[in-house]
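Structure, as structure tokens:
In what follows, every chain begins at residue 1, and chains take the letters A, B, ... in the order their sequences are listed. These figures come from a predicted structure and were not determined experimentally.
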There are 2 protein chains.
Amino acid sequence: MLSPGPSLDLMFQALADPTRRLMLERLTKGPATVSQLAAPFSMSLPAVVQHLGVLEGSGLVRTEKIGRVRTCHIEPIAMRTAEDWIGERRTTWEKRLSALDAYLRRTE
Amino acid sequence: MLSPGPSLDLMFQALADPTRRLMLERLTKGPATVSQLAAPFSMSLPAVVQHLGVLEGSGLVRTEKIGRVRTCHIEPIAMRTAEDWIGERRTTWEKRLSALDAYLRRTE
DNA sequence: AGCATACTTAAGTAACCACTTAAGTATCAT
DNA sequence: ATGATACTTAAGTGGTTACTTAAGTATGCT
């Protein structure tokens with residue numbers, strides 16, 4: 001392991017689990033309480049809350065507790081951070097490829 | 001854990017480690033042999049090869065061995081798969097937000 | 001007050017992950 | 001053929017992750 005980074009670690013780690021991606025997908029349709037978020041899954045509530053903790057720790061999700069109900073929603077800015085990291089590297093490589101391609105065509 | 005998916009699991013898992021992201025970053029600048037890829041890191045060669053295995057297993061990197069040298073390069077298509085998954089969810093949520101915003105302004 | 005709801009805390013476990021060292025194999029160079 | 005290079009295989013270890021069950025706390029309802 002090297003540098004901790006601005007928490008790309010935590011974001012990608014959070015995205016690496018299918019349960020958490022489904023939870024994120026659910027939150028795409030609007031905010032949800034912990035119970036609502038847990039409903040589709042067959043696992044225990046504490047397990048769901050632990051997943052939620054990972055999502056929140058990564059910054060991808062924000063939650064707020066009012067009374068006894070905790071409500072969760074997506075944080076699009078954090079999503080963009082992860083997305084951008086991939087995008088930058090991908091396009092750099094694609095540019096290299098097309099430059100090589102052009103070169104090969106020229107020397108052809 | 002639920003569905004395995006088309007291996008978004010493996011891609012995001014691969015991206016979750018800073019060493020692997022650095023390796024990917026290196027490969028952005030062009031193909032590299034295993035030794036070249038390992039050079040910047042202080043860890044053992046087998047450790048680097050294990051990381052490389054994760055990257056390759058996720059489809060983000062492709063390698064080919066010629067003689068005794070294994071050469072590695074980025075697979076931009078796989079990168080795009082991961083990128084797109086995030087992007088779709090992020091934009092859906094952003095649309096929801098701006099729709100809500102517009103609604104609030106109208107009723108204001 | 002008494003009971004249900006909505007989490008929360010704690011503790012334990014089995015599987016996985018990121019390394020390590022040591023030893024091995026396949027090529028290439030002389 | 002000999003030695004160096006470029007990985008490869010195997011086995012082990014300590015830390016983390018994804019759960020579990022059991023019990024606890026805080027809030028809202030009647």
Side-chain angles (χ1 to χ4, degrees), chain A residues 1-5 7-27 30-73, chain B residues 1-5 7-27 30-73:
Chain A
M1 266 163 265
L2 294 183
S3 71
S7 248
L8 281 168
D9 274 39
L10 296 177
M11 288 182 203
F12 286 129
Q13 185 65 249
L15 290 170
D17 185 281
T19 299
R20 288 192 292 263
R21 283 200 308 278
L22 282 173
M23 290 170 72
L24 222 40
E25 201 136 8
R26 163 63 188 80
L27 291 177
T33 69
V34 171
S35 311
Q36 288 171 342
L37 215 48
F41 300 103
S42 55
M43 71 184 75
S44 68
L45 222 208
V48 169
V49 174
Q50 276 166 32
H51 279 300
L52 185 57
V54 173
L55 285 169
E56 200 174 0
S58 75
L60 290 166
V61 164
R62 203 83 76 80
T63 78
E64 187 193 10
K65 191 167 185 175
I66 298 175
R68 58 185 168 171
V69 177
R70 180 173 295 280
T71 308
C72 321
H73 63 85
Chain B
M1 264 164 266
L2 295 183
S3 71
S7 249
L8 281 167
D9 274 40
L10 296 176
M11 288 181 203
F12 286 129
Q13 186 65 250
L15 290 171
D17 186 282
T19 300
R20 288 191 292 262
R21 283 201 307 279
L22 282 172
M23 288 169 73
L24 222 40
E25 202 136 9
R26 164 62 188 81
L27 290 177
T33 69
V34 171
S35 311
Q36 288 169 341
L37 215 48
F41 301 102
S42 54
M43 70 185 76
S44 69
L45 220 210
V48 169
V49 174
Q50 276 167 29
H51 280 300
L52 185 57
V54 174
L55 285 169
E56 201 174 0
S58 75
L60 291 166
V61 163
R62 203 82 76 81
T63 78
E64 188 192 11
K65 190 165 186 176
I66 297 174
R68 58 185 166 170
V69 177
R70 180 173 295 279
T71 308
C72 321
H73 62 86

By side chain to side chain contact (heavy atoms under 4.5 Å, CB included) - contacts of B:Ser35 (at least two apart): B:Thr33
By nearest atom, which of the nucleotides D:dT8, C:dC7, D:dC19 is closest to the B:Arg70 side chain? D:dT8
Between residues 52-62 of chain A and DNA chain C, which residues have a heavy-atom gap below 4.0 Å? none
pair B:Leu27-B:Leu37: side-chain heavy atoms closer than 4.5 Å: yes
Using only side-chain N and O atoms of B:His51, determine if any of them is under 4.0 Å from OP1 or OP2 of C:dC19. yes
Side chain to side chain contact (heavy atoms under 4.5 Å, CB included) with B:Ala38: which residues, sequence neighbours excluded? B:Leu45, B:Val48
I'd like to check the side chain to side chain contact (heavy atoms under 4.5 Å, CB included) partners of B:Arg70; sequence neighbours left out, ordered by chain and number. B:Val34, B:Thr63, B:Lys65
Using the salt bridge (charged side-chain N to carboxylate O under 4.0 Å, His left out) rule, collect all pairs that involve residues 51-62 of chain A, keeping only residues at least two apart or in two chains. A:Arg62-A:Glu75
What I'd like to find out is whether the side chain of B:Thr71 reaches to under 4.5 Å of the side chain of B:Ile66, using heavy atoms alone. no
Please report the distance, rounded to the nearest Å, between CG in B:Asp17 and C1' in C:dC19. 11 Å
Taking the side chain as C-beta and beyond, is there a heavy-atom pair between A:Cys72 and A:Leu52 under 4.5 Å? yes
Nucleotide by nucleotide, 5' to 3', does protein get under 4.0 Å of the base (B), only the sugar-phosphate (S), or neither (-) in nucleotides 20-30 of chain C, counting heavy atoms? BBB----BS--
Taking only side-chain nitrogens and oxygens of A:Lys65, does any of them come within less than 4.0 Å of OP1 or OP2 of C:dA6? no
End axis versus end axis in the helix from C:dA1-D:dT30 to C:dT30-D:dA1, the angle rounded to 10°, five pairs used at each terminus: 30°
Just to verify, what does A:Glu25 make a side-chain hydrogen bond (donor to acceptor under 3.5 Å, both in side chains) with, not counting sequence neighbours? B:Arg89
A:Val49 side chain, from C-beta outward: closest of C:dA18, D:dA6, C:dT8: C:dT8
Under the side-chain hydrogen bond (donor to acceptor under 3.5 Å, both in side chains) test, residues paired with A:Arg20 that sit two or more places apart: A:His51
List for me each residue that meets side chain to side chain contact (heavy atoms under 4.5 Å, CB included) alongside B:Ala47, sequence neighbours excluded, and say none if there are none. B:Met43, B:Ser44
Rounding to a whole Å, what distance do you find between A:Leu37:CG and C:dA6:C1'? 14 Å
Can you tell me the distance, in whole Å, between the CG atom of A:Leu15 and the P atom of D:dA18? 13 Å
A:Thr19 side-chain N/O to D:dA18 phosphate OP1/OP2 under 4.0 Å: no
Here's a test of your reading of the structure: between A:Arg20 and B:Thr33, which maps to the more 5' nucleotide of DNA chain D? B:Thr33
Atom-pair distance (CZ on A:Phe41; P on D:dC19), nearest Å: 10 Å
Any heavy-atom pair between the side chains of A:Asp9 and B:Arg21 that's under 4.5 Å? yes
